[in-house]
Structures are given as structure tokens and as C-alpha cells.
Protein chains: 2
Amino acid sequence: MLPKPTEAELNILSILWQQGPSTVRQVYEVVSQTKEVGYTTILKLMQIMAEKGLVSRDESSKSHIYKASQSQQKTQKNLLEDLLERAFSGSRRQLVLQALNTDSVSKEELAEIRALLDSLEAS
Amino acid sequence: MLPKPTEAELNILSILWQQGPSTVRQVYEVVSQTKEVGYTTILKLMQIMAEKGLVSRDESSKSHIYKASQSQQKTQKNLLEDLLERAFSGSRRQLVLQALNTDSVSKEELAEIRALLDSLEAS
DNA sequence: TTCTATCAACGAAACGTTTCGTAGGAGAAT
DNA sequence: ATTCTCCTACGAAACGTTTCGTTGATAGAA
């Protein structure tokens, strides 16, 4: 089982999911737009992530190419289930209610969720 | 603004929410049922939490009585919004879909969520 | 009063995460 | 060939979290 990614690691994974397999330089360019950080910091993080199995890398070219080992959806699911246990005492209902308890949900999103509810109820 | 509680801190907060205001000893008794840990570890954690403002304490008796500063709901909301940003790129829809994408949701829960959708859509 | 149990406070060790400086190698440019 | 640039690897510092041993105070029991 893969370990839970840390905050910095998750940030890098997000970039890999968005951009697809990337070099350290490519990830660094994105990160440094938001955050002042050194190149070797990102390199080191990605090396550690490779050790942990969070990413795999292709070393055939001089600049290694990294990609996320797990899909974004699978990782999202894991993190959500983790939060469910740690903060919601396993109450999925409470989590969903909290997630929807905001005014920034569009009609379209509501419709989409309804559709999911329908398909769940059908099975 | 209160800092995001760490893992160990959240565990203690959960106990305080469940049991109401408690002494270190009372929290320790609960924690030690699950986890082998020393009393002073819990004490130190709760002292730090008091410094951070995560808990407040009544020092009038010899055994100080600690209580969570924020409600469970408010904290849940904060943690969920944090995860929404960090792991779901702000896509609330994706988060809710992932949360419901499991077979362990009862009919009653689905109905409850539907009701919430109705009230959201009404406003 | 003296002993015992319980408590808060403190400091520091142990551990994990994040940071980056430095070194060394490989390839491109001069 | 020498220099310049870009890359990986490594080690360690800096920082935050978690752990607990020790100390000193206080209250209750003997």
C-alpha cells in the first residue's frame, strides 16, 4: 500500500496529474509560479516520492521523467476515506452534508449529484 | 484563525467533542485504549493545543479541564474545504461524487442528502 | 507530619518533512 | 579541449510533530 502523500508531495502529484509525465524541471516551473522554492528542493521531493512508490520514473533520458503511480481518482478516494475516519468518525452522511453545505454549488452540479443518487438507489 | 490540527491533535479533539470538557487523565484513558502512549505525551499535546488556541482550559481546579475551542462541525468544514483545495483542485462536485461512490450508503442517508439538495435548490 | 499519589511544567530526544548547498557527470557551445 | 549549462545524487540543516523522563508542587492518606 502506498503511503499517504504529505502536503508538498500532494502538490507535486497534482501537477503530474494535470500535466502528465514530467521532468523535475517542468514540475519546478509550475511550482515556482506560486511558491518561492529551489530547484533541488523539488528534485529531492520527487526522489523521495520515487522511493516511497508514489511516482515511478523513466531514467532512459538524461532528464528523468516522472509520473504518478496512482490515478488522481484513486488518491482522492484514499484521502477522502482517511478524512472520513479521522474527522467525521466514519459518518459519510455528515461528510456529504458538510460538503454540500455551501452556497457555491451550481444547479448543474446539483443535478449531477442527483443523477448519481438515482443510479446508487437503482442498484 | 486557528491552525489546522495535526493528526494527534485531531484525535484528541475528537475525544473532547465526544466526551465534552475533560481532564488530561480522562482523555488519556480513552487514547490509551487504542494506542500505547504515555500520560505526559497527552499532557504535552494538550498544552500545545492550548497555546495554539485549539482548546481552552479551566485552571481553577488542580486538574485542568480542557475543552475544544471550535465545534466539531466547524472543524470538519475547515478540514473538508482544505482537502477540497489540496486534493480536488476545488472541484466540490468531484469530492461529493467520490464520497458517494461507495456501496455503504443506506437508503436513509440517500434520502437525507436528497432533502438537502431540495433545500439548496429552493434557495 | 511524613509518605504517597497525582498533577502541571519543562526540556530534550526521536522522528518525519521540507529545504537547499555542494559535488560530480554528461552534453552542448565556443 | 575548455567552458558553460543542466542534470542527478547526496548530506545535512531547519523546522514541526510526537514522544517521554524528570522535576517540583499540591492534596490526601497514614
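Please read all numbers here as calculations on a predicted model, not as lab measurements. Each chain gets a letter, A, B and so on, in the order its sequence line appears, and its residues count up from 1. Side chains included, hydrogens not; waters and symmetry mates left out as well; all remaining heavy atoms used.
- Along DNA chain C, the nucleotide closest to B/Leu43 and the one closest to A/Lys4 are compared, and the more 5′ of them pairs with B/Leu43.
- In this structure, A/Ile12 places its CD1 atom 9 Å from P of C/dT18, rounding to the nearest Å.
- Contact check, B/Gln47 against C/dA8: no side-chain N or O comes under 4.0 Å of OP1 or OP2.
- One interatomic measurement links the two molecules: CG of B/Leu10 to P of D/dT18, which rounds to 10 Å at whole-angstrom precision.
- In summary, B/Asp118 and B/Arg114 do not engage in a salt bridge, as defined by a charged side-chain N under 4.0 Å from a carboxylate O.
- Taking 4.0 Å as the cut-off between side-chain N and carboxylate O, A/Lys107 and A/Glu109 do not count as a salt-bridged pair.
- Rounded to an integer number of Å, the gap from CG of B/Leu54 to P of D/dT18 is 11 Å.
- Remark: P of C/dC7 and OH of B/Tyr66 are 12 Å apart, rounded to the nearest angstrom.
- Atom CE of A/Met46 and atom C1' of C/dC20 are 17 Å apart (whole Å).
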Kindly list each side-chain donor-acceptor pair under 3.5 angstrom involving residues 28-47 of chain B, sequence neighbours excluded, with atom names and distances?
from, atom 1, to, atom 2, distance (Å)
B/Ser32, OG, B/Tyr28, O, 2.9
B/Ser32, OG, B/Glu29, O, 3.1

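- Salt bridge present: B/Glu81 and B/Arg92 bring a charged side-chain N and a carboxylate O closer than 4.0 Å.
- Near-neighbour residues of DNA chain C inside residues 15-42 of chain A, defined by a heavy atom below 4.0 Å, number-ordered: A/Lys35, A/Val37, A/Gly38, A/Thr40, A/Thr41.
- Residue contacts for B/Glu59: at a heavy-atom cut-off of 4.0 Å it reaches no nucleic acid atom on any strand shown.
- Rounded to an integer number of Å, the gap from A/Ile48 CD1 to D/dA12 P is 15 Å.
- Checked for salt-bridge contact, A/Lys52 and A/Glu9 meet the test: a charged N lies under 4.0 Å from a carboxylate O.
- Residue B/Arg57 has a polar side-chain atom (N or O) positioned under 4.0 Å from OP1 or OP2 of C/dA9.
- To the nearest angstrom, P of C/dC7 lies 17 Å from CG of B/Leu45.
- In this structure, A/Lys62 places its NZ atom 8 Å from P of D/dT8, rounding to the nearest Å.
- Distances shown here put every side-chain N or O of A/Ser63 at or beyond 4.0 Å from the OP1 or OP2 atom of D/dT8.
- The main-chain N or O of A/Thr23 is never found under 3.5 Å from a side-chain atom of A/Ser63 such that the two would form a donor-acceptor pair.
- When each of D/dT18, C/dT19, D/dT8 is scored by its nearest atom to the side-chain atoms of A/Lys44, the top-ranked nucleotide is C/dT19.
- The side chain of B/Glu7 lies closest to D/dT18, out of D/dC10, C/dT18, D/dT18.
- Among the nucleotides D/dC20, D/dA12, D/dT18, the one closest to any side-chain atom of B/Ala8 is D/dT18.
- The shortest distance between side-chain heavy atoms of B/Lys4 and B/Asn78 does not fall below 4.5 Å.
- Put simply, A/Lys52 has no side-chain N or O that comes within less than 4.0 Å of OP1 or OP2 on C/dG16.
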